[in-house]
Number of protein chains: 2
Amino acid sequence: MDRVFHALADATRRDIVRRVLDGEHSISDLARHYPMSMTAVQKHVGVLEGAGLVVKRRQGREQRVVGRVEALRRAEALLAEYERLWRERFDRMGDVLMTEMEGNGR
Amino acid sequence: MDRVFHALADATRRDIVRRVLDGEHSISDLARHYPMSMTAVQKHVGVLEGAGLVVKRRQGREQRVVGRVEALRRAEALLAEYERLWRERFDRMGDVLMTEMEGNGR
DNA sequence: CTTAAATACAACCAAATGGTTGTAGATCAG
DNA sequence: CTGATCTACAACCATTTGGTTGTATTTAAG
């Protein structure tokens with residue numbers, strides 16, 4: 001999970017994710033969109049791959065980068081879990097308020 | 001957004017988020033749960049604060065750390081957007097398959 | 001008043017990050 | 001075959017990160 005969030009904590013990498021979820025691209029293809037060397041883009045793809053957000057499939061001379069949505073879903077599920085905690089907290093606070101009101105009413 | 005994902009890319013910080021979304025805690029209170037100095041925890045809280053995931057409210061001698069769910073929601077919305085792209089891609093691939101089948105059928 | 005607790009902050013350190021250049025191996029095109 | 005293209009990888013560098021210790025300030029407690 002560390003790796004998933006770390007991978008997403010960079011605008012270039014998020015843009016790569018966006019592109020490869022929309023369709024496959026080669027690494028040099030991706031590199032053309034960013035103001036940095038191909039090696040740098042290669043490293044970014046490596047980070048995404050380490051996080052399970054993309055996989056590479058060699059096809060002749062080039063390497064097609066394709067997005068995997070599963071890791072994204074795990075991250076999303078964790079955030080949803082945090083939101084659940086948040087909601088439950090307010091439910092409890094609501095209970096406390098109700099109890100206080102009852103107490104005052106008597 | 002960089003800062004939100006970066007903040008979540010650390011297990012200690014995610015655990016702090018979990019705790020403060022469930023209820024307020026002081027910094028030294030939080031620090032007791034981790035095998036590191038209070039200063040280290042202070043820095044983690046600082047990173048979370050910079051990402052807008054928590055705010056600090058001074059209360060006498062101690063500083064209550066309280067979670068904010070809005071930044072989480074923005075991150076979740078982005079991940080959902082990526083999933084949408086992914087789904088649309090398969091819808092398009094489905095169209096291609098349908099068209100190919102029609103062509104073969106004739 | 002004195003002491004302990006909670007926080008803040010500066011200085012320091014090792015390791016990781018994000019970039020570069022250079023070199024080399026495959027593979028496709030002419 | 002030759003040359004251009006795509007990828008891989010090593011070496012290097014500046015900055016950031018995640019931790020430490022030490023010192024200072026504020027506040028609560030005895």
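Proteins get letters first, then strands, A, B, ... in listed order; numbering begins at 1 in each. Here the structure is a predicted model, which is why all the values come from computation and not from measurement.
- Put simply, CE on Met36(A) is 13 Å from C1' on dT17(C), counting in whole angstrom units.
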query = What one-letter contact string describes nucleotides 22-30 of chain C from 5' to 3', where B marks a base within less than 4.0 Å of any protein heavy atom, S marks contact via sugar-phosphate atoms alone, and - marks no contact?
reply = B----BB--
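- Atom CZ of Arg3(B) is separated from atom P of dT17(D) by 10 Å (rounded to the nearest Å).
- Of the candidate nucleotides dT20(C), dG19(D), dT7(D), dT7(D) has the atom lying nearest to any side-chain atom of Gln42(A).
- Around CZ of Arg58(A), the count of heavy atoms belonging to other residues, nucleotides or ligands within 6.0 Å exceeds 12.
- Within 4.0 Å of Ser28(A), counting heavy atoms only, lie sugar-phosphate atoms of the nucleic acid but no base atom.
- At most 12 heavy atoms of other shown residues, nucleotides or ligands fall within 6.0 angstrom of atom CZ in Arg3(A).
- Within the 4.0 angstrom heavy-atom criterion, only backbone atoms of the sugar-phosphate kind lie near Arg32(A); the bases stay farther away.
- Contact annotation: the side chain of Leu72(B) approaches that of Leu8(B) to within less than 4.5 Å [non-hydrogen atoms, C-beta and beyond].
- Residue Gln63(B) places no side-chain N or O under 4.0 Å from the OP1 or OP2 atom of dT26(D).
- Between Lys56(A) and the phosphate of dT7(D), there is no side-chain N or O to OP1/OP2 separation shorter than 4.0 Å.
- Between the C1' atom of dT21(C) and the NZ atom of Lys43(A) lies a distance of 11 Å, rounded to the nearest Å.
- Looking at Arg13(A) and His6(A), their side chains come closer than 4.5 Å, going by heavy atoms from C-beta outward.
- Summarising the geometry of Asp2(A) relative to Ala9(B), their closest heavy-atom pair is O-CB, 3.7 Å, with the distance given to 0.1 Å.
- Summarising the geometry, the separation between CG on Leu48(A) and P on dG18(C) is reported as 11 Å, rounded to the nearest angstrom.
- Atom CG in Asp2(A) sits about 15 Å away from atom P in dT17(D), given to the nearest Å.
- Exactly one residue among Arg87(B), Arg84(B), Arg92(B) makes a salt bridge (charged side-chain N to carboxylate O under 4.0 Å, His left out) with Asp22(A). That residue is Arg92(B).
- Across all non-hydrogen atoms, the minimal contact from Glu24(A) to Arg89(B) is CG-NH2, 3.4 Å.
- In this structure, the NE2 atom of His44(B) is 16 Å from the P atom of dT7(C), given to the nearest Å.
- Within the structure, every side-chain polar atom (N or O) of Ser37(B) is placed at least 4.0 Å from both OP1 and OP2 of dG19(D).
- DNA chain C is contacted by His6(A), Arg13(A) of residues 6-18 of chain A, taking any non-hydrogen atom closer than 4.0 Å.
- None of Val45(A), Leu48(A), Val54(A) except one satisfies the side chain to side chain contact (heavy atoms under 4.5 Å, CB included) rule with Val20(A); the exception is Val54(A).
- If you measure from atom CE of Met38(B) to atom C1' of dG22(D), you get 14 Å, rounded to the nearest angstrom.
- Side-chain atoms of Ile27(B) lie closest to dA8(C) of the nucleotides dA8(D), dT21(D), dA8(C).
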request  = Go through the steps for Arg64(B) and Ser26(B) under the test side-chain contact (heavy atoms from CB on, under 4.5 Å), then give the verdict.
outcome  = CA-CA 5 Å; Arg64(B) 309 299 292 180; Ser26(B) 72; 4.1 Å; yes
